[in-house]
Amino acid sequence: MFRRRPEPGAATVAVVVEGRDVRVPDGASAAAAVLLAGLAAIRDTPVGGAPRAPYCLMGVCFDCLAEIDGIPNRQSCMVTVAPGMRIARQRGRRAVDAE
Amino acid sequence: MTFDLAIVGAGPAGMAAATLAAEFGLDVIVIDEQDAPGGQIYRAVERVAPGSLFGASYLAGQSLASAFRASGARYRPRSTVWHIDPGGAVSFLADGRSETVEARRILLATGALERPVPIPGWTMPGVMTAGAAQILLKTADLLPVGRAVLAGQGPLLYLVAAQLCRAGAPPAAILETAPPANYRAAARQLGAAWAGRDAVAKGLGWLRELRRAGVPIRRGVRSLRAVGRERVEGVAWEGGELAADLLLLHDGVIPNTQITRALGLAHDWHAAQCCWRPSVDQWGNTTLATVAVAGDGGGIAGAEAAVLSGRLAALTAATMRGKIDAAERDRCAAPLHAALAHERAGRPFLDALCRPAPEMLAPPDAVTVCRCEEVTAGAVRRAARLGAQGPNQAKAFTRCGMGPCQGRLCGPLVASLIAEVHGVPVSDIEPYRPRAPYKPITLGALAGFAPHPDPLPAGGEREEPARSVGG
């Protein structure tokens, strides 16, 4: 769906999107990593189980909710990538963590 | 400590207000969700090299950002305001923890958001906003792969198309949904067009770029829909269709009134821009004595106007703290007011040209209007027929607006649908009354909430160096 513009020497960060290694530009959001990874969807809605992908990229729509580094329901467009970050699909509601 | 001025948002209005207020010796704090100043219009502006594909008016944001960085104003990036007490407490979430700062005055510079473009299929992966594509380009150097179609209307649609051309990824087509009546209405605003001739010239420049790049533009498109099963495969409209791998929608921008509404400020219906805006005077003062508004959050007028209104709000704050007297304030404000009038003079032309098509305000029954709770236009119309007088009642009937976005996207649509059913103007319909938390906050973050922590370590760091994940 998206590709990196060839920018020689641009710094990148290695993250893991749904188990896949992806190099994304430094300073990009986790949602950008999802799109660069070519993921079909980043979440399934809690109501109808419909697949969704990032829509607004500016923190308004909540369609980019993802599990990031083990924390569910994060707005992936509002999280900047960090080396080794693990981004996974948000499936429906987050479970209650009784820990 | 108590700040003289707490500013929410580090876009053009917030940055300009903070810089000037700090110059007058006010203790200022700026709280912003992004990890760098600039807001949406100047996203990642500090990282972009000169001579980039974004053009001079974008790069103008660099001097604003550097002046802001050097101003001495405290700056809290990656921080989401979730509650404001008009008495002066601003609570925000940062790194999974909630904090509160006290301020004598609060300036809301929360900007604009893209108007929803409710067409069949707009919830499918592969459908995004044009603004989203621009943010990906600015922040991550990402370009669409395959056939990207831009659809809708408004300056940003054409700007993004031109930028994609400059980046070597011209869109497959532009489908303009502006009703033909818009062109006739705009032609009656020739005075405004002359006043706004710089913006008009810019727009014509983008159209020339698109023509040179061979991008087909189809006007008067009706009944637009995204086609596909699991993701978008094409786009169709009355009398045509196209294959598409990415559909980028845009139908103009509207003020982000989530916090101004939650605070119960008075709002006016802006008929020409087809949206609500908080009622403000020429200084940005609202109906709450401690709260001001600057920038596009107070009515869409663009980045240059946002800077001017931010500076006016700073003058007011400085006057209230006794840093300057009213005469000095008025002397400083005169050129700002004149420039602001100049910036706004061209708007009636753009507003007439870019009025949303009626079907974009009240879409057909099958279209999902509330993306979070998956409520269709038909369900909202049914609720209205059953007696829901407004969006706040329709919530109880349908759960529309009760998902995580808290009605940010569906608000204007639900109000328009209910107005249509009751046969009244949408300005008669009371919009959603959002409440704190302005953005979802976990119980864990609330549990770790220290009511009055020292907001920053001593020493006046403007930004915390370390970034931690979770909390």
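Convention: sequence-line order gives letters A, B, ...; per-chain numbering from 1.
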Within the 4.5 Å heavy-atom criterion, are B:N256 and A:M58 side-chain neighbours or not?
no

So for A:D26, is it side chain, backbone, both, or neither that comes closer than 4.5 Å to the heavy atoms of chain B?
backbone

When only pairs under 4.5 Å are counted, which of B:R47, B:Q34, B:Q406, B:R43 shares the most heavy-atom pairs with chain A?
B:R47

Give the member of B:A132, B:A148, B:G403, B:C410 that has the highest number of heavy-atom pairs under 4.5 Å with chain A.
B:A132

Identify the heavy atoms of B:G168 and A:R3 that sit nearest to each other, and give their distance.
O-NH2, 4.0 Å

Under the side-chain contact (heavy atoms from CB on, under 4.5 Å) rule, what do A:L35 and B:M128 come out as? Steps first, then yes or no, please.
CA-CA 11 Å; A:L35 293 165; B:M128 304 173 78; 3.8 Å; yes

Residue pair A:L65 / B:P404: nearest heavy atoms and the distance that separates them:
CD1-CG, 4.4 Å

Quick one: CG on B:L409 to CZ on A:F62, what's the gap to the nearest 0.5 Å?
10.0 Å

What is the distance from atom NZ of B:K138 to atom CG of A:L57, rounded to the nearest 0.5 Å?
12.0 Å

Which of B:L143, B:L137, B:D141 touches chain A most, by non-hydrogen pairs under 4.5 Å
B:L143

Tell me, side chain or backbone of A:A32 under 4.5 Å from chain B's heavy atoms, or both, or neither?
both

Test side-chain contact (heavy atoms from CB on, under 4.5 Å) on A:R4 and B:L142; report intermediate values, then the result.
CA-CA 5 Å; A:R4 264 167 59 200; B:L142 295 197; 3.8 Å; yes

Exercise: identify the closest heavy-atom pair between A:R5 and B:A167:
CD-CB, 3.9 Å

Could you measure the distance from the CD atom of A:Q75 to the CD atom of B:E33? Nearest 0.5 Å is fine.
7.0 Å

How about CZ on A:R86, more than 12 heavy atoms from neighbouring residues, nucleotides or ligands closer than 6.0 Å, or not?
no

Sort A:L39 into side chain, backbone, both or neither according to what part of it lies under 4.5 angstrom from a heavy atom of chain B.
neither

dist A:S29:OG -> B:I135:CD1 (nearest 0.5 Å) comes out at 9.0 Å

Identify which part of B:Q40 has an atom lying under 4.5 Å from any heavy atom of chain A, answering side chain, backbone, both or neither.
side chain

Within a 6.0 Å radius of atom CZ on A:R91, are there more than 12 heavy atoms belonging to other residues, nucleotides or ligands?
yes

Against chain B, label A:V60 side chain, backbone, both or neither, depending on which of its atoms sit under 4.5 Å from a heavy atom there.
both

Looking only at heavy atoms and a cut-off of under 4.5 Å, which of B:L248, B:T442, B:T123, B:T80 has the most pairs with chain A?
B:T123

All heavy atoms of B:V127 vs all of A:Y55, minimum pair found to be O-CD1, 3.4 Å

Taking all non-hydrogen atoms of both residues, which atom of B:P125 and which atom of A:P51 are closest, and how far apart?
CD-O, 3.4 Å

B:R371 backbone acceptor or donor facing A:R52 side chain under 3.5 Å:
yes

Look at A:C77, A:C61, A:A41 and state which one has the largest set of heavy-atom pairs under 4.5 Å with chain B.
A:C61

